[in-house]
Amino acid sequence: MISKNVRVRFAPSPTGFLHIGGLRTSLYNYLFARHHGGTFVLRIEDTDQSRYVEGAEADIIRSLEWCGMTVDEGPGAHAEKPGAHHDGPGAHHDGPGAHHDGPFGPYRQSERKAIYAEYTQKLIDNGSAYYAFDTADEVEEMRERLIKSGNPSPKYDYITRQSMKNSLTLPEDEVKRRLEAGDPYVIRLNVPRNKTVKFEDEIRGVVSFETKGLDDQVLIKSDGMPTYHLANVVDDHLMQISHVIRGEEWLSSTPKHILLYEAFGWEPPVMAHLPLIMSPSGGKLSKRKAESEGIPVNTKDYISGHYEPEALVNFLAYLGWSPGDDSEIHSLEELCELFTLDRVSKGGAVFNHKKLLWYNEQYLRQQSDETIAARLRAMDGDLVDAMPKQNLVTAVGLLKERVSKIDELLEMGRFFFEDPQEVDPAAMKKWKEDSAELVGEYRKRVDAMPSSAFDATSLKSTLEEIVNERGIGFGKLMMPLRIAVTGQGFGPDLFESMALIGREAVLRRLASAVERLG
RNA sequence: GCCGCGUUCGUCUAGGGGUUAGGACGCCGCCCUUUCACGGCGGUAACACGGGUUCAAAUCCCGUACGCGGUACCA
């Protein structure tokens, strides 16, 4: 049974735009938190200064918001709206020590250095950690030496540390002298030699590792920053995180974390390692792979690509989880209700872009024509403004069953807004010898129609007249007409479309097609 | 290499001792539509392999293979 205080965190590092895999991890954390009436914390793991990317944090926050996930605690979680206070432009509440983002702040690890130092000292004091003065080069040298002598995965461990420069091998006074002299050092975890580390993973069951396969993980780097391993344990404890739900790539470093909890004398949170999202060609869905397979990797690409956020959320939720029934479509609220960890699958899940598009269609079609029309106007005002509002709404109704994403409406419906500039080469196969003559005849009759009669019904009966008179197939005139009016071989109902485009433009396009296509 | 984790239709998955192994995406066909789609109906297609345990194994156990992850002063 899940205890009362569920607190989970999404802890991305701001090294780039939010990856789709990170977004799913975040989603599962969010769903779990909401399902149990718990708290969803966002923590920024910016301990690697060399990989820090400006704007990454803002991208993460924006991505979560776009999906509809609300952060309970984290940077900006309780930020006031600009202008709510009379602090004047440029007034800043953020910065080191700001705790208004939640009761356990700060939520950026770079702002918690003092905390890590304090806790690391406890580890030093109780012998669970030690100072190591070896330079990066020296460690590298050691590795190479070991590799040469046939050790495929050299480690700074129980054995090798005995020949390195650290507070376990150096005389006490030299350690003291080096520390006082300000010699650079790292702090390493003192991993015991022969111990079995066991823990129960909510998704995988009992997992166990032998400590002899682990190295003396660096806890504090020489720049004074903690590594992920230390920071994540200290923060999860201090922030009272109840469940750690993260990607499977963390599974093998979990024993180090367990060792740390033990060294501190803390109860570890419940662990749950999620299956990875895989690329269709196999392997973890990396940027390179995904993009070469036409899959956007960054959440921002889905935003700018005009995907429906509900569709992405729904799709991602089902990538590695299922509610156990035959349902497919669920809102974020419903997913919160349904989500449990015991229904998360163990194996990696291949990203299926076509299924995502199917989800996108579902969510697009359930929106009213008016809503979509308004969104179109916001997307491309210039093009869309050429058309009266009501006509645009009608056009949306004609088009929306035929596209996967909202931006495709602009492409497919371009002919509603402007005369076709050229004909789709694929469609030209349907333009035959007699097409020009037939289209010309059709134009003549439409021209002769009173403008009051210019509607879908008479547009259609006019075509039927000609076809019947000549004893030819419907499509014989239908397709050339479509090509002349839209420049395409497919699209919404032609007669409705022509009625919407209007008499003047239709006559103009027919004449132009007869002339240009012969 | 070593350590860990996985493995049910092409893909996402349900099913956890007795099922005609279910659904969804995709694909194919038919119907609707004198057009493209939507929609409706139908079809294709899976328990990685080998041993056990059992009256009975996709399901439990052990191997093997394959895949993936990790093996950093990156997260």
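Chain identifiers are assigned alphabetically (A, B, ...) following the order of the sequence lines, protein sequences preceding nucleic acid strands; residue numbering begins at 1 within each chain.
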**Message:** With a 4.0 Å cut-off on N to O distance, would you call A/E291 and A/K287 a salt bridge?
**Reply:** yes
Dump every N/O contact between nucleotides 28-34 of chain B and the protein below 3.5 Å, one line per pair.
| residue | atom | partner | partner atom | Å |
| --- | --- | --- | --- | --- |
| B/rU34 | OP1 | A/K460 | NZ | 3.2 |

**Item:** Nucleotide forming a Watson-Crick or wobble pair with B/rC41, both distances under 3.5 Å
**Value:** B/rG29
**Base paired to B/rA21 (Watson-Crick or G-U; both N/O distances under 3.5 angstrom)** = none
Provide a list of protein-nucleic acid N or O atom pairs under 3.5 angstrom, restricted to nucleotides 3-5 of chain B.
| residue | atom | partner | partner atom | Å |
| --- | --- | --- | --- | --- |
| B/rC5 | O2' | A/R204 | NH1 | 2.6 |
| B/rC5 | O2' | A/E248 | OE2 | 3.1 |

**Prompt:** Who does B/rC66 pair with, Watson-Crick or G-U, both distances under 3.5 Å?
**Reply:** B/rG6
**Asked** Is A/D183 salt-bridged to A/R178, cutoff N-O under 4.0 Å?
**Response** yes
**Base versus backbone protein contacts along nucleotides 38-43 of chain B [heavy-atom cut-off under 4.0 Å; B, S, -]** = S-----
**Message:** By the 4.0 Å heavy-atom rule, please label A/M278 as base, sugar-phosphate, or nothing.
**Reply:** sugar-phosphate
Any protein N or O atoms within reach of nucleotides 72-75 of chain B? Criterion: under 3.5 Å, listing atom names and distances.
| residue | atom | partner | partner atom | Å |
| --- | --- | --- | --- | --- |
| B/rC73 | OP2 | A/R188 | NH2 | 3.4 |
| B/rC73 | O2 | A/S222 | N | 2.7 |
| B/rC73 | O2 | A/S222 | OG | 2.7 |
| B/rC73 | N3 | A/S222 | OG | 3.0 |
| B/rC73 | N4 | A/D134 | O | 3.1 |
| B/rC73 | N4 | A/A136 | N | 3.3 |
| B/rC74 | OP2 | A/K221 | NZ | 3.2 |
| B/rC74 | O2' | A/D48 | OD2 | 2.9 |
| B/rC74 | O2' | A/R51 | NE | 3.2 |
| B/rC74 | O2' | A/R51 | NH2 | 3.0 |
| B/rC74 | O2 | A/R51 | NH2 | 3.2 |
| B/rA75 | OP1 | A/T47 | OG1 | 2.8 |
| B/rA75 | OP1 | A/K221 | NZ | 2.7 |
| B/rA75 | OP2 | A/Y228 | N | 3.3 |
| B/rA75 | O2' | A/S13 | OG | 3.0 |

**Prompt:** Any chance the side chains of A/T254 and A/R246 put a donor and an acceptor closer than 3.5 Å?
**Reply:** yes
**Request:** Mind checking the OG1-CD spacing from A/T457 to A/E496? Nearest 0.5 Å is all I need.
**Result:** 7.5 Å
**Prompt:** Counting only Watson-Crick or G-U wobble pairs whose two distances fall under 3.5 Å, which nucleotide matches B/rU34?
**Reply:** none
Collect all protein-nucleotide pairs involving nucleotides 60-63 of chain B in which both atoms are nitrogen or oxygen and the distance is under 3.5 Å.
none

**Message:** On RNA chain B, compare the nucleotides closest to A/D493 and A/L276; which residue's is nearer the 5' end?
**Reply:** A/D493
Do any side-chain atoms of residues 346-355 of chain A form donor-acceptor pairs under 3.5 angstrom with protein atoms, and if so which ones, sequence neighbours left out?
| residue | atom | partner | partner atom | Å |
| --- | --- | --- | --- | --- |
| A/N352 | OD1 | A/K354 | N | 3.2 |
| A/N352 | OD1 | A/K355 | N | 3.3 |
| A/H353 | NE2 | A/Y307 | OH | 2.8 |

**Message:** Heavy atoms only, 4.0 Å cut-off, all strands: where does A/R343 land among base, sugar-phosphate and nothing?
**Reply:** sugar-phosphate
